[in-house]
Amino acid sequence: MATAGKVIKCRAAVAWEPNVPLMMEEIEVAPPQEGEIRIKVVATGVCHTDLYHLFEGKDKRGFPTVLGHEGAGVVESVGPGVTDFKPGDKVIPLFLSQCGECKFCKCPKTNLCDCSWSSKYYDIMSDPTTRFTCRGRPILQFMGTSTFSEYTVINQIAVAKIHDDAPLHRVCLLGCGISTGYGAAVNTAGVTPGSVCAVFGLGAVGLAAVMGCKNAGASRIFAVDINEQKFEKAKVFGATDVLNPKAYNKPISEVLAELTNGGVDFSLECVGNTEVMRTALESCVKGWGVSVLVGWTDVKDFSAKPIQLISGKTWKGSLFGGFKSKDSVPNLVCDYMTGKIKLDEFITHKMSLEQVNDAINLMKTGDWYICHSHLSVFEVNIVKNKVLIFVSYLTAFDAS
């Protein structure tokens, strides 16, 4: 392309400091260096982790930055040493890298990667190395991706090449939320045919977890949330039963125990609430019940009675659904294109890139279901509920 090897000036939503609105700016995006790829962003999602960094983490060392880590685009140019990608390839940036060489990448038990930004810079959620500048200042690339920009530069170990026919404004959802919830069920929990499951929180991650339970062959899937307006959507993804904890005068874990002769085989917490995490564990049957933490939070500790685990229950955590990113995301794209998994059902509405702060505010208040963009347009899914599909952990969830 004519821009190869040159600095590209483009629009981006810059977070100059914590807890303030993003600013639409013209930024400079440098050419890719050794092992890097420059990507024209075609679609991007808004995830709770973006809001977590902006409003909850508040570590000023992580600013200024360009947020966004759930996107899809087209390769504009590649740096020296890149052989697996070429201009024009459709790709999905990955916030979780897969170098293929470290001890974690070589181990089938985990999807972690020792070369990921998170291995060293977890607190600022960015590698200090950046290809962005604005007003003469370096701008950090959030989670190694920064998809709230028309162009971004990413290390090739954190990019997945996908099918040429893949619709980018759909498959961008696989960059985080959908993969996380779906994989938590099929990989981390290991839901088995005929089993009974409960999913707590019906945002995007939770609905994807419901879909994973269904595809894994669960015979009964309880969808649990305090917002009953989400129940019909949960049924679309495979829920057989829906429960509102506020409709009972006893803990929902006791209700589930009564309905299932002792508890569910698998539970998935997709809220990011430490109290709900404990409730999900207590909802499992003793002896073999497995409970998985999926919702993101790092601001509170959690606890449980030791007897819960001594009696045979297992408590696990899931990052990106346990998927090894570069290997798995292209397969998930194919699964969508062949009808094995749903994506269209998560999408209903559009907003322009310039409306990114409106999307964030709607996300904060919980009136919007999901956000993702098409070219310079955020596609935003709106329903009459209080939880974002991508960020179910923003739910004001009461587990009592």
Side-chain angles (χ1 to χ4, degrees), residues 1-17 22-47 50 53-54 62-82 84-95 97 116-117 121 124-162 168-169 172 175-176 352-357 372-378:
M1 295 185 179
T3 50
K6 301 177 182 178
V7 172
I8 290 178
K9 293 184 178 181
C10 69
R11 295 182 305 159
V14 177
W16 287 103
E17 57 183 303
L22 307 187
M23 294 287 293
M24 289 304 304
E25 303 276 8
E26 180 181 80
I27 68 169
E28 295 81 39
V29 183
Q33 302 302 304
E34 182 76 25
E36 295 178 344
I37 300 168
R38 189 158 61 183
I39 299 167
K40 180 178 181 179
V41 178
V42 173
T44 187
V46 178
C47 178
D50 301 311
H53 186 68
L54 185 61
F63 295 84
T65 187
V66 173
L67 300 173
H69 64 281
E70 190 169 59
V74 177
V75 174
E76 175 269 339
S77 61
V78 301
V82 176
D84 294 337
F85 297 87
K86 65 182 185 303
D89 284 344
K90 287 187 175 181
V91 294
I92 292 179
L94 306 167
F95 74 87
S97 61
S116 174
W117 58 269
Y121 306 108
I124 64 172
M125 301 189 79
S126 300
D127 190 307
T129 302
T130 178
R131 304 296 172 224
F132 290 172
T133 56
C134 181
R135 303 184 191 178
R137 296 179 59 184
I139 306 296
L140 294 175
Q141 293 184 231
F142 182 66
M143 298 179 77
T145 54
S146 286
T147 56
F148 289 1
S149 172
E150 291 179 321
Y151 286 86
T152 189
V153 178
I154 304 175
N155 193 300
Q156 63 181 335
I157 66 172
V159 180
K161 182 161 61 176
I162 60 175
L168 298 180
H169 61 296
C172 68
C176 182
S352 69
L353 180 59
E354 285 75 10
Q355 292 175 289
V356 60
N357 286 311
H372 77 89
S373 83
H374 176 55
L375 295 176
S376 60
V377 178
F378 277 84

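- In terms of heavy-atom proximity, Thr130 sits nearest to Pro138 at CG2-CB, 4.0 Å.
- Side-chain contact between Glu34 and Pro80: present, with at least one pair of heavy atoms (C-beta onward) separated by less than 4.5 Å.
- In plain terms, the two heavy atoms of Trp16 and Cys134 that are nearest each other are CZ2-SG, 3.7 Å.
- Taking 4.5 Å as the limit, some side-chain heavy atom of Glu76 sits within range of a side-chain heavy atom of Ile8.
- Residues Ile92 and Gly175 approach most closely at CG2-CA, 4.1 Å, considering heavy atoms.
- In this structure, Tyr151 and Arg131 have side chains that are not in contact, with every pair of non-hydrogen atoms separated by 4.5 Å or more.
- From Thr145, atom OG1 reaches atom CD1 of Ile39 across 9.5 Å, with rounding to the nearest 0.5 Å.
- Nearest heavy atom pair, residue Pro64 against residue Ile139, reads CG-CD1, 3.7 Å.
- Contact of the Phe148 side chain with the Val46 side chain is registered, since non-hydrogen atoms from C-beta on lie closer than 4.5 Å.
- Among residues two or more places apart in sequence or in another chain, the side chain to side chain donor-acceptor pair (under 3.5 Å) test is passed with Arg135 by Glu25.
- Taken from NE2 in His53 to CG in Leu140, the straight-line distance is 7.5 Å, to the nearest 0.5 Å.
- How far CD of Gln141 is from CG of Asn155: 10.5 Å, rounded to the nearest 0.5 Å.
- Remark: Asp84 CG to Asp89 CG distance equals 9.5 Å, nearest 0.5 Å.
- Using a 4.5 Å heavy-atom cutoff, the side chains of Thr152 and Phe132 are in contact.
- The two atoms that bring Met24 and Val356 nearest to each other are SD-CG1, 4.4 Å, heavy atoms only.
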Donor-acceptor contacts under 3.5 Å from residues 26-33 side chains, at least two apart:
unit_1 : atom_1 : unit_2 : atom_2 : d
Glu28  : OE1    : Thr133 : OG1    : 2.9
Gln33  : NE2    : Pro31  : O      : 3.0

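- Side-chain contact between Ile124 and Thr65 is absent, with no heavy atoms from C-beta onward closer than 4.5 Å.
- Ser97 contributes no side-chain N or O that, together with a main-chain N or O of Ile157, makes up a donor-acceptor pair within less than 3.5 Å.
- Under the 4.5 Å side-chain criterion, counting only non-hydrogen atoms from C-beta, Leu22 is in contact with Leu67.
- Heavy atoms only, all atoms of each residue included: Trp117 and Met125 are closest at CZ3-CA, 3.3 Å.
- Atom CG of Leu94 and atom OG of Ser116 lie 10.0 Å apart (nearest 0.5 Å).
- At least one side-chain heavy atom of His69 sits under 4.5 Å from a side-chain heavy atom of Asp50.
- Going from atom SG of Cys176 over to atom CE of Met143 covers 6.5 Å, rounded to the nearest 0.5 Å.
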